[in-house]
Peer 1: 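Have a look at this one before I ask anything.
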2 protein chains.
Amino acid sequence: MSLRYAILAILTAAPLTGYETAKRFEGSVGHVWHAPDSQIYPELRRMEAEALVEGREERWGPKGTKTRYYITEAGEAAFRSWMATPLKYAPWRDVAHMQAAYFEWAEPASVRMHLKQHAAHYTEQIAQWSSQIEAIRSHEHPMIAARLERYPAEQHERIVAFKAFAYEGLIRLAQAEVDWARSGLELLEQLDGDAPA
Amino acid sequence: MSLRYAILAILTAAPLTGYETAKRFEGSVGHVWHAPDSQIYPELRRMEAEALVEGREERWGPKGTKTRYYITEAGEAAFRSWMATPLKYAPWRDVAHMQAAYFEWAEPASVRMHLKQHAAHYTEQIAQWSSQIEAIRSHEHPMIAARLERYPAEQHERIVAFKAFAYEGLIRLAQAEVDWARSGLELLEQLDGDAPA
DNA sequence: CGCCACTAGCTATCAACATAGGTATTTGTG
DNA sequence: CACAAATACCTATGTTGATAGCTAGTGGCG
């Protein structure tokens with residue numbers, strides 16, 4: 001159900017075609033929520049059937065047409081109501097930590113590789129998200145720019161602050177992953193120091 | 001596919017019936033990986049068909065029988081090979097952060113509630129995982145006790161260290177969530193301080 | 001002996017997501 | 001004008017996971 005609300009969220013900034021929506025989920029929004037186009041097209045149609053969005057046919061060149069989806073009042077209401085509802089916290093499911101619990105089944109070299117990869121992956125994520133935050137704060141981010149145009153100036157501070165806040169949370173998490181992986185490398189040295197090959 | 005390896009992982013400590021396996025996924029292993037019994041029973045049968053586990057019928061009272069699953073050589077090999085394989089990092093999907101990015105659509109009181117709930121949830125998680133770590137380090141944890149009995153003493157240190165390490169990672173993440181939620185509450189005070197109701 | 005919680009095992013259905021294909025049109029470039 | 005790249009849209013299939021049910025035997029208690 002979250003995909004639906006992610007779609008509604010980006011449609012509050014600007015009406016989009018299915019294709020554009022899918023692109024957003026590869027790029028900016030994709031940093032917080034990922035979805036393939038094969039999920040997005042049918043979901044948009046379901047949402048249209050429920051009157052949360054309205055699809056308007058547009059000409060596209062001499063022969064083609066495309067559908068641009070506009071969020072409706074009902075759609076905004078649904079989004080607002082979701083925003084007011086407390087989240088259900090799903091039970092944990094984390095492969096990396098699950099695997100780490102059984103590292104005694106892997107070669108020390110393999111463990112080292114896993115941990116280094118883990119740190120590298122999240123370090124890269126931090127870099128990406130940091131540059132997103134900068135673009136958000138400077139209003140250079142295209143989605144932010146479109147959104148700010150649509151809403152009155154007194155809301156701009158909140159809009160920007162919350163987007164940046166969300167990314168800051170992701171960065172905190174990623175930093176925790178990096179720190180954990182590093183502490184794992186230290187642990188490994190300790191264990192192998194005690195009983196070297 | 002991860003469910004399969006989670007099952008293999010716990011079967012390396014002791015052979016289990018389907019029911020016992022399901023119980024593990026509600027309790028201890030469930031902290032890192034959750035799965036309902038409706039997933040576990042068919043998965044065990046699939047794994048038996050692929051010879052990763054061997055099911056042995058056991059009497060259970062005068063009329064009943066139950067199947068206890070033993071990990072096979074092939075199962076151990078599959079697990080070891082998975083342990084040596086680098087993980088694929090799935091694209092991000094996080095409802096709480098997605099929702100936070102659009103907090104301007106919620107009432108400040110509602111945002112405050114969300115953030116407090118978020119902090120409370122992960123604080124509770126930290127408490128649970130911390131007590132797990134204690135039980136692991138003191139060897140009081142039943143799964144750890146069973147596991148240590150099965151493996152030679154020189155491996156005990158690693159077994160315990162890696163289990164504790166995994167939980168430490170979860171605690172780091174949860175702590176990051178709590179810190180983030182608290183910083184969100186501060187941000188909210190700032191924003192509402194600028195323009196109070 | 002009746003009752004109940006627990007153990008044991010199983011099924012059916014649905015939503016969510018991944019993967020991998022497909023067609024057709026437009027637009028820009030050499 | 002040929003061609004590639006991008007735009008636009010769609011489907012089919014399989015896996016995973018969530019939800020909710022079901023039957024039936026065991027073991028302990030009053």
Side-chain angles (χ1 to χ4, degrees), chain A residues 1-8 14-27 29-30 32-50 53 55-69 82 87-95 98, chain B residues 1-7 14-27 29-30 32-50 53 55-69 82 87-95 98 142:
Chain A
M1 274 291 103
S2 298
L3 172 61
R4 161 160 308 194
Y5 297 106
I7 292 176
L8 286 175
L16 297 171
T17 65
Y19 185 77
E20 284 167 344
T21 310
K23 286 288 137 184
R24 296 288 182 287
F25 277 91
E26 276 169 31
V29 202
V32 245
W33 198 266
H34 168 265
D37 61 339
S38 63
Q39 242 189 304
I40 291 165
Y41 284 110
E43 183 64 29
L44 277 169
R45 264 174 285 142
R46 268 193 299 270
M47 287 163 74
E48 186 172 26
E50 294 175 43
V53 298
R56 292 189 209 156
E57 293 275 295
E58 270 182 25
R59 323 223 91 260
W60 170 52
K63 280 198 220 167
T65 55
K66 54 183 171 180
T67 314
R68 186 170 299 275
Y69 291 95
W82 178 72
L87 287 179
K88 288 188 261 173
Y89 287 87
W92 211 277
R93 206 168 271 151
D94 186 323
V95 202
M98 200 259 278
Chain B
M1 274 293 104
S2 298
L3 172 61
R4 162 161 308 191
Y5 298 106
I7 293 176
L16 297 171
T17 65
Y19 184 78
E20 284 166 346
T21 310
K23 286 288 138 187
R24 296 289 182 286
F25 276 91
E26 278 169 30
V29 202
V32 245
W33 198 266
H34 168 264
D37 61 340
S38 64
Q39 244 189 302
I40 291 165
Y41 284 111
E43 185 62 32
L44 278 168
R45 266 174 285 142
R46 268 193 300 270
M47 287 164 74
E48 186 173 26
E50 293 174 44
V53 298
R56 293 190 207 155
E57 293 275 296
E58 270 182 24
R59 320 226 90 262
W60 170 52
K63 279 198 220 170
T65 56
K66 54 182 170 180
T67 315
R68 186 169 299 275
Y69 290 94
W82 178 72
L87 287 179
K88 288 187 263 177
Y89 287 87
W92 211 276
R93 207 168 269 152
D94 186 322
V95 202
M98 201 260 277

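Chain identifiers are assigned alphabetically (A, B, ...) following the order of the sequence lines, protein sequences preceding nucleic acid strands; residue numbering begins at 1 within each chain.
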Peer 1: If I take atom CD1 from residue A/Ile40 and atom OH from residue A/Tyr19, how far apart are they, to the nearest 0.5 angstrom?
Peer 2: 11.5 Å
Peer 1: Please determine whether a side-chain nitrogen of the Lys or Arg among A/Lys23 and A/Glu20 lies less than 4.0 Å from a carboxylate oxygen of the Asp or Glu.
Peer 2: no
Peer 1: Does the protein touch nucleotides 9-19 of chain D at the base, only the backbone, or not at all? Give it as B, S and - per nucleotide, heavy atoms under 4.0 Å.
Peer 2: BBBB---SBSB
Peer 1: Could you tell me how far apart B/Glu26 (CD) and C/dC6 (P) are, to the nearest whole angstrom?
Peer 2: 12 Å
Peer 1: Using whole Å, report how far CZ of B/Arg56 lies from P of C/dG9.
Peer 2: 15 Å
Peer 1: Between atom CZ of A/Arg45 and atom OH of A/Tyr69, what is the distance when rounded to the nearest 0.5 Å?
Peer 2: 6.5 Å
Peer 1: So, taking the atom named CZ in B/Arg68 and the one named CD in B/Glu57, what distance separates them when rounded to the nearest 0.5 Å?
Peer 2: 12.0 Å
Peer 1: Can you tell me the distance, in whole Å, between the CZ atom of B/Arg24 and the P atom of C/dA8?
Peer 2: 10 Å
Peer 1: Give the rounded distance in Å between these two atoms: CD1 of B/Ile40 and P of C/dC10.
Peer 2: 13 Å
Peer 1: Nearest whole Å is fine: how far is D/dA8 C1' from A/Leu16 CG?
Peer 2: 14 Å
Peer 1: Going through the checks in order, is the salt bridge (Lys or Arg N to Asp or Glu O under 4.0 Å) test met by A/Glu50 and A/Arg4?
Peer 2: CA-CA 12 Å; A/Glu50 294 175 43; A/Arg4 161 160 308 194; 2.9 Å; yes
Peer 1: Round to the nearest Å and state the distance from A/Glu57 atom CD to D/dA8 atom C1'.
Peer 2: 12 Å
Peer 1: Please examine the side chains of B/Val32 and A/Asp94, heavy atoms only from C-beta on, and report whether any two atoms are closer than 4.5 Å.
Peer 2: no
